Amino acid sequence: MDWWALNYGGNMSLLKDLFFYQGNKWWKIPETTELSENPKNEHPFGGFLEKAKNILLILSSGKGHAGPVYYWIIAAILGIITLIEVWWFTVPELRYMLAPAMLIFSIIKFALVVAFFMHLRFDHKMFSTIFITCMVVGILFFSVFLLLSAFHGLGT
Amino acid sequence: MSTNVTIQHGEEINNSTGVSAKKLLMWTFLGSDVMFFGTFIATFMAYRNKSLVGPYPEDTLNIPITSVSTFVLLMSSLGIVLALHYLKEARMGLAKFWLLMVIIMGIGFIGFQIYEFSHFANMGMTPQVNLFGSTFFTLTSLHGAHVSLGILWLIFLLINEYRGNLNSENAIDLEIAGLYWHFVDIVWIVIFALLYLITANDGVPPGGIPWIGGH
Amino acid sequence: MSTISKPKQFQLPRIFPRPKSHKGLWYWLATVDHKKIGTMYGLVAFFWFLVGGIEALLIRLQLGQAESSILSPEVYNQMFTMHGTTMVFLVVMPLSAAFFNWIVPLQIGARDVAFPRLNALSLWVFIFGSILMNISWFVGGAPNGGWFGYPPNSSLGFNPGHGITYWVMGLNILGVASIAAGLNFIVTIINMRAPGMHMMRMPVFTWMTLITSVLIVLALPILAVAGIQLTADRIYGTNFFNSEAGGDPIFWQHIFWLFGHPEVYILILPAMGIVSEVLPTFSRKPLFGYTAIVFAGLVIGFLGWFVWSHHMFTVGLGPAANTAFTVTTMLIAIPTGVKIFNWISTLWGGSIKLNTSMLFSIGFIAMFTIGGLSGVTHAASPSDTQQQDTYYVVAHFHYVLFGGSIFAIFSGIYYWWPKFTGWLLDEKLGKISFILMFIGFNLQFGPMHWVGLNGMPRRIYTYAEDMGWEGSNLAATIGGFIIAVSVLVFLANVILSKRNKQNSGGDPWDARTLEWSISSPPPHYNFVEIPKVNNIDDWWYRKYPELLEGNNQNFKKQKIEVEDSSNVDESKIHLPDLSYYPLIIGIGLTIAGLGVMYTYALVAIGLIMVFWGSIGWSTEPVNEDSKEHH
């Protein structure tokens with residue numbers, strides 16, 4: 001089924017309302033009397049997100065028929081991110097924000113491998129549900145746990 | 001359904017969701033493994049910077065070596081999707097080649113890890129010496145155990161490929177092994193960021209660390 | 001499925017021939033039939049139930065009088081540790097697993113679980129793991145650190161010897177068994193449902209099995225990590241819980257209860273499932289609020305992850321953490337209350353048949369409610385500071401685990417016994433055993449509430465004469481022996497009922513779910529024809545279709561009978577062949593576990609056996625006569 005029809009076919013969920021742009025949908029700006037369309041490229045980041053999304057759509061279209069070239073591209077991105085990580089580590093001036101940067105980079109790499117190499121992007125939704133549920137429970141759980149150990153005795 | 005339906009077990013059966021039972025098992029197992037590694041990583045993070053005596057992470061961790069081994073493991077992930085892709089297309093030569101490459105890269109990664117462990121032991125960092133040693137060695141060695149198990153599994157599949165038992169029809173067997181391999185890879189992605197890059201920066205003075213030169 | 005002939009499959013040369021005959025010891029060792037596996041789970045777990053019960057009786061004997069000396073303090077510590085560990089890991093979990101194995105494939109209309117050999121592996125790993133843990137009695141003392149094994153009490157400095165190491169290795173091996181079983185049941189329930197059985201048409205017991213399995217799969221790895229860390233501390237001298245090197249013993253408490261609290265729901269959710277099957281059957285009404293009960297189960301399963309620190313209110317986590325965990329813990333009362341009220345509403349207005357199974361279920365509701373209410377009192381962290389480590393807590397968790405889980409399990413045993421065996425248990429003896437158990441249970445654990453509030457501490461082998469606790473403790477001891485008599489009555493019931501068999505037929509209770517639509521005991525392929533499901537309680541509405549049209553006046557006559565499996569061409573039903581490799585892997589894993597404590601030679605032998613078993617497993621065909629392979 002056509003992706004656009006799927007997402008913009010009239011049955012917008014709250015989640016999609018919040019996260020996909022079509023006309024006046026990005027930030028749920030209250031409709032005005034003019035009901036004017038948002039001008040083109042007036043999305044956040046000047047249309048960059050829109051373009052990036054389109055590239056991703058082209059890349060990831062099809063049901064698991066992605067070819068080797070496509071895997072090489074993902075691998076190249078992974079390699080480049082790893083290089084950036086190591087480079088970031090060696091630059092003393094960037095050290096002060098090393099931890100958040102590394103976390104973000106590793107999340108990106110994680111997501112790329114899971115979504116594309118492990119085919120979660122194309123596979124049955126149930127697999128995503130299972131894995132994401134485990135990740136969410138795990139992350140929530142261990143965050144609470146780390147908070148507890150970091151703030152042991154808070155308020156005493 | 002007619003009477004006397006034939007059912008094969010542990011096989012690709014017609015079932016209520018239409019997905020392969022083996023693949024479902026593997027994904028569920030990976031979800032379980034998330035908690036396993038999650039607990040170890042949480043232990044590591046909770047004990048970060050709590051070692052009372054040295055050697056400390058910034059003295060021991062060797063980022064260049066680990067970067068290479070990380071890269072090797074990442075590329076083995078690429079290898080296995082390619083092996084699976086060619087296996088599904090029944091291009092057996094390429095499929096065997098990439099599977100072999102994955103195994104070699106996996107063994108290479110284990111080699112780096114053995115080198116790293118012995119290097120650490122020479123520097124006096126052992127699991128017994130401080131908290132960093134305890135948490136670091138248990139986590140990385142259990143990850144190494146996962147990789148080794150994966151290598152054995154892939155060797156078994158490669159032998160099957162050479163004997164003609166693994167072909168495009170039962171590519172699912174390689175696919176679930178691949179899922180496992182990718183999972184081991186993503187765990188390493190997290191370990192590399194948390195245990196190596198972030199931890200090696202702990203307690204480092206603004207001037208930088210010895211092997212880079214610094215200011 | 002494709003039938004293209006494949007190249008000749010490589011097979012590991014066999015040391016033993018693959019068993020063929022469906023009789024004898026060899027069959028039981030190599031079986032992959034979920035019903036046989038369930039039976040073995042049940043028998044082994046019941047054996048451990050008796051062992052754990054004897055341990056409990058010895059504890060009660062010791063506490064029956066002030067300053068008695070039947071058990072020395074050392075032996076007393078071993079007794080309560082092994083009593084707790086046995087009852088949690090070797091009794092309630094595997095008894096639930098016995099029901100999962102027996103009932104779930106029948107309830108969802110499947111011929112077996114998704115991975116029959118993996119199922120056999122869980123069984124054998126469980127059996128050998130339980131033996132491993134109990135070997136410790138004979139080699140220098142059983143574990144004595146409590147079922148939670150807090151360091152530094154359980155670390156090498158304070159607890160030399162192999163007791164605790166046996167405990168940890170045993171738990172890790174049992175964990176492997178539980179995780180394998182959990183994975184298997186998740187896949188089975190998601191993937192093997194009969195056509196038409198949506199998730200929201202599944203029987204509640206199957207639902208609770210699914211939620212329990214998810215909890216097992218997510219919680220047991222955490223215990224495995226805790227076990228690995230404690231083992232490493234004890235054997236390799238790492239510093240996880242060694243405060244001299246900066247390690248934090250509180251950390252063990254966190255990790256243990258991170259696992260331990262979901263574990264509580266692993267123990268109670270199957271019991272809730274059993275009760276949700278028994279009550280509607282004997283009230284002859286549909287379960288009240290099916291959806292609410294299912295969602296309450298899901299909510300319990302989720303919230304159960306975020307309450308663990310209520311076991312640690314007195315550790316000093318600080319008011320912020322204590323308040324947060326008080327709130328989340330009290331939130332659990334909401335879904336639990338939803339369930340309780342739904343069960344009561346199921347009874348309301350039904351034509352109730354008070355047989356043994358129903359009595360145990362109603363007993364479950366009452367006892368579980370009492371246990372739940374006392375639970376709310378120590379969910380509040382200020383009052384928990386008073387109750388921590390007293391007999392009040394002991395009373396609480398016995399009301400939910402014995403009055404809850406064990407009552408429900410007995411209810412399930414009486415309910416499904418005719419399905420297991422084809423004959424009924426005697427009702428008169430059954431009712432006697434229920435009444436004895438009910439009286440004995442309340443006599444044993446009721447007084448613990450007030451001696452606990454009066455300050456009697458847990459895990460202390462005796463108490464002084466002038467504390468005023470003697471009467472209550474004596475009552476508790478008498479209660480304990482009444483429970484023992486009730487269990488003996490149950491065993492006598494089984495033996496006597498077996499002697500003068502009263503044939504049950506396929507559907508003795510006029511029940512609701514699919515397992516009753518086939519003959520008892522079920523043929524090894526379960527369903528002659530895989531059913532097509534149109535409703536919740538499909539079997540009930542197939543029997544009485546007029547109920548669907550709103551005609552509930554005269555539905556006395558059944559429209560269909562249970563499936564007749566006497567004239568079935570079994571050659572057309574392919575079930576997996578027997579396999580002894582799960583047994584070999586189970587033995588190998590246990591030997592390796594033993595070797596970690598003593599010598600690496602044993603580890604090597606164990607791992608070689610595991611390797612041999614796995615290669616044999618993955619190269620043997622599922623069916624010898626077909627070309628298929630695993």
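These figures come from a predicted structure and were not determined experimentally. Labels below follow one simple rule: chain letters A, B, ... track the order of the sequence lines, proteins then strands, and each chain is numbered from 1.
- For the pair L99(B)/L174(B), a side-chain contact is recorded, criterion being any heavy-atom separation below 4.5 Å from C-beta on.
- Neither the backbone nor the side chain of E89(B) comes within less than 4.5 Å of any heavy atom in chain A.
- Of all the listed residues (I189(B), D185(B), V34(B), T70(B)), the one sharing the greatest number of non-hydrogen pairs under 4.5 Å with chain A is I189(B).
- With a 4.5 angstrom heavy-atom cutoff, W98(B) touches chain A only via side-chain atoms.
- Between the CG atom in L87(B) and the CG atom in L82(B) there is a gap of 12.5 Å [rounded to 0.5 Å].
- Proximity to chain A is absent for every atom of T66(B), based on heavy atoms less than 4.5 angstrom apart.
- Neither the backbone nor the side chain of W88(A) comes within contact range of chain B; no heavy atoms are under 4.5 Å apart.
- In this structure, F145(A) has its ring center at least 6.0 angstrom away from the ring center of F141(A).
- When each of F110(A), F117(A), W72(A) is scored by its heavy-atom pairs under 4.5 Å with chain B, the top score falls to F117(A).
- Between V68(B) and P64(B), the closest side-chain pair of non-hydrogen atoms is not below 4.5 Å.
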Assess the residue pair F116(A) and H182(B) against the criterion (ring pair (Phe, Tyr, Trp, His ring centres under 6.0 Å)); give the C-alpha distance rounded to whole Å, side-chain angles, the decisive distance to 0.1 Å, and a yes or no. CA-CA 10 Å; F116(A) 297 109; H182(B) 292 308; over 10 Å; no
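- For chain A, the nearby parts of F183(B) are the backbone and the side chain; heavy atoms of each come within less than 4.5 Å.
- Ranked by heavy-atom pairs shorter than 4.5 Å toward chain A, the options T28(B), T39(B), I41(B) are led by T39(B).
- The part of F142(A) that comes within reach of chain B is its side chain, from C-beta onward, which places non-hydrogen atoms under 4.5 angstrom from that chain.
- At a 4.5 Å heavy-atom cutoff, the contact between L194(B) and chain A is made by side-chain atoms alone.
- Looking at L78(A), the atoms closer than 4.5 Å to chain B (heavy atoms on both sides) sit in the backbone and in the side chain alike.
- Of the listed residues L24(B), L30(B), V190(B), the one with more heavy-atom pairs under 4.5 angstrom with chain A than any other is L24(B).
- Within the 4.5 Å cutoff, the side chain of V137(A) has no heavy atoms near those of the C134(A) side chain.
- When each of G79(A), A99(A), S149(A) is scored by its heavy-atom pairs under 4.5 Å with chain B, the top score falls to A99(A).
- We find the NE2-CG distance between H146(B) and L149(B) to be 7.5 Å, quoted to the nearest 0.5 Å.
- Sparse packing is recorded around CZ of F71(B), with 12 or fewer heavy atoms of other residues, nucleotides or ligands lying under 6.0 Å away.
- For M75(B), the part sitting under 4.5 Å from any heavy atom of chain A is the side chain, from C-beta outward, and nothing else.
- The distance from the CG atom of N62(B) to the OG atom of S67(B) is 8.5 Å, given to the nearest 0.5 Å.
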